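Below is one structure, written out as C-alpha cells; comments come after it.
Here the structure is a predicted model, which means the values were calculated and not measured. The figures that follow rest on heavy atoms only: side chains count, while hydrogens, waters and symmetry mates do not.
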Amino acid sequence: MKTIKIDGMMCERCVAHVKKALESIGNNVEVSLEENKATLETEADDKFITQVIEDAGYEVEEII
C-alpha cells in the first residue's frame, strides 16, 4: 500500500481526475481532498507514480 501526498487538488473534480489516473496503475484507490492524499495498492515504483500524477496536472509532495 502506498500513500501519496498531493498538492494542487482544489475540488471533487480534481479528486476524480487523480483517482482515474491512479486507477490506471493500481487497485483500491482512495483519494482524500481534505487530507490532500491518495492511497493505492500498486507494484509501480515511486518515480512512475510521480510521473502519472504530474501528467494529470498535480504535484507529489511525498510517497510513503
Give the minimum heavy-atom separation between [X] and [Y], together with the two atoms involved.
{"X": "Ile25", "Y": "Ala44", "answer": "CD1-CB, 4.4 Å"}
{"X": "Met9", "Y": "Val18", "answer": "SD-CG2, 3.7 Å"}
{"X": "Val52", "Y": "Ala21", "answer": "CG1-O, 3.6 Å"}

About how many Å separate [atom2] of [Y] and [atom1] of [X], when rounded to the nearest 0.5 Å?
{"X": "Lys19", "Y": "Glu30", "atom1": "NZ", "atom2": "CD", "answer": "5.5 Å"}
{"X": "Ile4", "Y": "Asp46", "atom1": "CD1", "atom2": "CG", "answer": "8.0 Å"}
{"X": "Glu23", "Y": "Thr42", "atom1": "CD", "atom2": "OG1", "answer": "12.0 Å"}
{"X": "Ile6", "Y": "Leu22", "atom1": "CD1", "atom2": "CG", "answer": "6.0 Å"}

(message) So, using salt bridge (charged side-chain N to carboxylate O under 4.0 Å, His left out) as the criterion, who are the partners of Asp45 when residues are at least two apart?
(response) none

Atom pairs and distances, donor-acceptor, side-chain atoms in residues 54-64, under 3.5 Å, two or more places apart:
residue, atom, partner, partner atom, Å
Asp55, OD1, Gln51, NE2, 2.7
Glu62, OE1, Lys5, NZ, 3.4

(message) Applying side-chain hydrogen bond (donor to acceptor under 3.5 Å, both in side chains), can you list everything that pairs with Glu35, at least two apart in sequence or on another chain?
(response) Lys37

(message) Does atom CD (Glu41) have a neighbourhood of more than 12 heavy atoms from anything else shown, all under 6.0 Å?
(response) yes

(request) Could you tell me whether Met1 atom CE has more than 12 heavy atoms of other residues or ligands within 6.0 Å of it? (result) yes

